[in-house]
Protein chains: 2
Amino acid sequence: MRLYKSSEYAIRCLVSMAHSGGGVHSVKSLSDNLGIPYKFLGRLMSRLGSEGVVESVKGKAGGYRIVRPLEDIRLAEIVDIVEGLESYERCILGFDRCDEKNPCPMHEFWSGHKDGILEMLKSTTLAQLAESEGKKI
Amino acid sequence: MRLYKSSEYAIRCLVSMAHSGGGVHSVKSLSDNLGIPYKFLGRLMSRLGSEGVVESVKGKAGGYRIVRPLEDIRLAEIVDIVEGLESYERCILGFDRCDEKNPCPMHEFWSGHKDGILEMLKSTTLAQLAESEGKKI
DNA sequence: GCAAAATGCTACCCCCGGGTAGAATATAAA
DNA sequence: TTTATATTCTACCCGGGGGTAGCATTTTGC
Ligand code: SF4
Ligand code: SF4
């Protein structure tokens, strides 16, 4: 019942970058500041780069930079890239092919929360998260 | 963002047993009816037996039987036995030591849903789930 | 008593998320 | 041009959830 660590890392990383302006951040500095394993974060950022969320700057003083507008990057997109959204679109019990006509006994208890969480991921943008100055990342 | 398969199996299995009366159910029949791997379910039921949720009946025509009152068995207890509740008591981002004074930027978005889900697990009993006749398990 | 049918137990296997290591490559600064 | 600093790529290890196999044990029904 939690995001994969990769998703957590990606979100914290992007929020941190957005928070401190649109400059270039090296994986090394991000790794140190956020306490994320260096090599692991490197591979993760590379992935986000190939998906067009960030842009890589090679060579000395290089790193990664967010290119798209912050208002345009939603949590759901990040989670989808890193771990996929399948788990968030179906039920906590993992059943396939569920609808209102053929629910399991838990449906009425679970359905609302599931939809709420997915909606939260889909509606929250990096811009919103970056606004919260002073809060921990 | 879902229960472990073990938790799903345990819940479906217990609901099925509760649904069809308080008799003895063999692992074989449960495995066939619910489509759960036989050996895997056997080990899982053994676990539930040692935790006092069900009782094992050995020998021919043996199996497992729910002993405690259905109103007394809550989903949270089952999940706790099978996979632990730690993941449901902390946040979707996996941070430690969070409080209202030192929130991360996602807190206001996430906190309500997290509490709601845990509360749902804690308040839902097997008796409630067993009531829903005709619904799929 | 004996065989059938059930649980109980141990030892494996596979997959994948998480993490590490190292070398190759690119590039800006000195 | 050299060098330091960065990304990039591949390969590997580890732990745990999920799953399988086999055999021992228990007890009922014949
Ligand atoms: S709670 Fe609803 S969505 Fe989940 S398995 Fe049951 S019927 Fe399907
Ligand atoms: S959302 Fe709240 S509980 Fe979760 S990491 Fe942020 S501050 Fe902590």
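So that the names make sense, note that chain A is the first sequence line, chain B the second, and so on, each numbered from 1. For clarity, every value in this text was computed on a predicted model and none was experimentally measured.
B:Leu48 has its CG atom 11 Å from the P atom of C:dG8, to the nearest Å. A straight line from CZ of B:Arg47 to P of D:dG16 spans 15 Å, rounded to a whole angstrom. As a whole-Å value, the separation of A:Glu86 CD from C:dG17 C1' is 15 Å. Rounded to whole angstrom, the span from the CG atom of B:Leu3 across to the C1' atom of D:dG18 amounts to 15 Å. With rounding to whole Å, A:Arg65 atom CZ is found 13 Å from D:dT7 atom P.
Side-chain contact between B:Thr125 and B:Ile73: absent, with no pair of heavy atoms (C-beta onward) separated by less than 4.5 Å. Between A:Leu41 and A:Leu44, the closest side-chain pair of non-hydrogen atoms falls below 4.5 Å.
Contacts between residues 54-63 of chain B and DNA chain D, counted as heavy-atom distances below 4.0 Å, involve B:Lys58, B:Gly59, B:Lys60. Within residues 36-45 of chain A, the residues that have a heavy atom under 4.0 Å from DNA chain D are, in order of number, A:Tyr38, A:Lys39, A:Arg43.
Judged as a side-chain hydrogen bond (donor to acceptor under 3.5 Å, both in side chains), and not counting sequence neighbours, B:Ser123 has no contacts.
The two residues B:Ala130 and B:His19 have their closest heavy-atom pair at O-CD2, 3.9 Å.
Comparing B:Tyr64 and A:Lys5 along DNA chain C, the residue whose closest nucleotide (by nearest heavy atom) sits nearer the 5' end is B:Tyr64.
Proximity of B:Ser6 to the phosphate of D:dG18: a side-chain N or O atom is located under 4.0 Å from OP1 or OP2.
Closest approach to the B:Val27 side chain among C:dT7, D:dC9, C:dG8 is made by C:dT7 (side chain taken as heavy atoms from C-beta onward).
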